[in-house]
Number of protein chains: 2
Amino acid sequence: MGLQLTRGAEYAVRAMSYLARYPEGHVSSLHEIGEAQDIPESFLAKILQSLVRAGLTVSQRGAHGGFALARPAAEITMQQVIEAVDGPISVNQCVLSPEDCARSASCSVHEAWLRAQSQLMDVLGSITLESLAPEPAAVG
Amino acid sequence: MGLQLTRGAEYAVRAMSYLARYPEGHVSSLHEIGEAQDIPESFLAKILQSLVRAGLTVSQRGAHGGFALARPAAEITMQQVIEAVDGPISVNQCVLSPEDCARSASCSVHEAWLRAQSQLMDVLGSITLESLAPEPAAVG
DNA sequence: GGAGACCGGACAGAAAGGGTCTGGTTGGGA
DNA sequence: TCCCAACCAGACCCTTTCTGTCCGGTCTCC
Ligand code: SF4
Ligand code: SF4
């Protein structure tokens with residue numbers, strides 16, 4: 001192992017891709033999402049909270065409550081979803097906070113990590129929930 | 001956090017970049033590397049073992065022993081170093097072994113991870129130890 | 001035949017991951 | 001009105017992984 005995202009982020013992306021397949025504003029309950037996507041419900045609850053706090057989803061309480069995307073699916077990227085749950089992506093500690101490593105100024109490796117990080121961000125930042133929609137229909 | 005390499009891999013890359021700055025075949029002791037690169041020696045010992053087993057370095061026992069690159073620096077990539085220590089890189093579990101996830105066949109997200117993984121491998125696989133050499137000299 | 005170095009693996013404390021549970025709050029509907 | 005369905009917030013727990021340390025063994029140069 002080593003460089004791998006958490007289960008929480010995996011679940012988050014799947015949950016979001018589920019919400020994305022409905023018309024904007026459609027509300028799905030925690031239970032519904034968990035069942036459809038095979039995610040432990042009590043864990044999913046926590047994940048969805050993070051997404052709400054991050055402003056990626058909105059929630060509706062009370063009867064017939066649930067969750068919906070806060071924005072059109074085309075305006076939410078995988079990067080945003082992952083970072084909402086796992087915290088900022090940083091392939092190595094010096095990427096996000098160079099001041100944490102005394103060597104960063106003179107380190108010949110530092111720049112290599114920056115490049116890797118940048119590539120990863122590019123691809124994750126360019127994949128939107130829309131492009132993850134399972135049904136290729138609904139383009140009309 | 002979440003998506004981040006281990007300290008072990010960080011140390012490994014730094015140690016290798018240290019070895020790479022010497023002419024081919026030059027032997028450096030564990031102690032020397034640890035001191036120069038600020039890596040706990042007993043931990044570094046374990047890391048170097050992994051690198052030897054992976055065939056990236058060779059070791060010399062007895063007095064005046066130590067470690068050296070097994071190949072020219074230009075033929076060792078960051079990807080190889082990282083995987084020797086952390087195990088195979090896999091941004092998500094389904095990337096390496098799709099059979100572990102029952103959903104992988106019909107999963108609309110699966111392909112996105114494959115793309116991210118591929119990008120990451122491209123950049124890590126294209127950075128060689130030679131390009132990490134700290135001294136820009138020694139070009140002849 | 002030392003002394004200096006690597007080898008191999010057991011061990012351990014700390015941190016993170018992965019998930020559960022409980023009590024509280026909100027709001028819709030009978 | 002009042003109850004129930006749902007989300008909200010956080011404490012809690014178990015397991016695994018990370019990040020090392022330590023020690024006895026082996027090899028090899030001098
Ligand atoms: S790569 Fe260099 S700068 Fe980054 S953490 Fe390692 S030593 Fe520090
Ligand atoms: S992305 Fe899809 S295939 Fe990959 S692990 Fe998640 S559910 Fe399985």
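What you see is a predicted model; the values in this text were computed from it and never measured. Proteins get letters first, then strands, A, B, ... in listed order; numbering begins at 1 in each.
Between the P atom of dT19(D) and the CD atom of Gln93(A) lies a distance of 9 Å, rounded to the nearest Å. His31(A) places its NE2 atom 16 Å from the C1' atom of dC4(D), with the value rounded to the nearest Å. In this entry the distance linking CD1 of Ile39(B) with P of dT21(D) reads 12 Å, nearest Å. Summarising the geometry, the separation between CZ on Arg7(B) and P on dG20(D) is reported as 8 Å, rounded to the nearest angstrom. Rounding to whole angstrom units, CG of residue Leu44(A) and C1' of dC7(D) are separated by 12 Å. When the C1' atom of dA5(D) is taken as reference, atom CD of Glu32(A) falls 15 Å away, rounded to whole Å.
Taking the 5' to 3' direction, DNA chain C first and last meets chain A under 4.0 angstrom from a heavy atom at dG17(C) to dG29(C).
Taking for each of Lys46(A) and Lys46(B) the nucleotide of DNA chain D with the nearest heavy atom, the 5'-most of the two is the partner of Lys46(A). The residue among Arg53(A) and Leu3(A) whose nearest nucleotide of DNA chain D lies closer to the 5′ end is Arg53(A).
Between Tyr18(A) and Tyr22(A), the ring planes lie perpendicular to each other; the angle is over 60°, past the 30° to 60° tilted range.
When side chains are defined from C-beta on, Thr57(B) counts as touching Met16(B), because their heavy atoms get closer than 4.5 Å. Side-chain atoms of Val58(B) and Val27(B), non-hydrogen and from C-beta on, never get closer than 4.5 Å to each other.
With no hydrogens or angles considered, a side-chain donor-acceptor pair links Asn92(B) and Glu10(A) at under 3.5 Å. For the 3.5 Å distance criterion, the side chains of Gln119(B) and Asp122(A) fail to qualify, holding no donor opposite an acceptor.
Backbone-only engagement by Ser59(B) is indicated by non-hydrogen atom pairs under 4.0 Å involving sugar-phosphate atoms exclusively. Nucleic acid contact for Ser29(B): sugar-phosphate only, since backbone atoms but no base atoms lie under 4.0 Å from a heavy atom of the residue. Residue Leu30(A) is classed as a sugar-phosphate contact, given heavy-atom separations below 4.0 Å to backbone atoms only. In this structure, Gly2(A) reaches the sugar-phosphate backbone alone: every heavy-atom distance under 4.0 Å involves primed, P, OP1 or OP2 atoms, never a base.
Classification of Arg115(B) and Glu111(B) as a salt-bridged pair fails, no side-chain N sitting under 4.0 Å from a carboxylate O.
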Might you list the N or O atoms of the protein lying below 3.5 Å from N or O atoms in nucleotides 26-30 of chain D, with each pair's distance?
{"residue": "dC27(D)", "atom": "O4'", "partner": "Arg61(B)", "partner atom": "NH2", "Å": "3.3"}
{"residue": "dC29(D)", "atom": "OP1", "partner": "Gln60(B)", "partner atom": "NE2", "Å": "3.3"}

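Within a 6.0 Å sphere centred on NE2 of His26(B), heavy atoms belonging to other residues, nucleotides or ligands number more than 12.
There is a path of hydrophobic side-chain contacts, each under 4.5 Å, that joins Ile82(B) to Phe43(B).
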- Message: Apply side chain to side chain contact (heavy atoms under 4.5 Å, CB included) to residues Ser59(A) and Leu48(A) and explain how you reach the verdict.
- Response: CA-CA 9 Å; Ser59(A) 63; Leu48(A) 283 168; over 6 Å; no
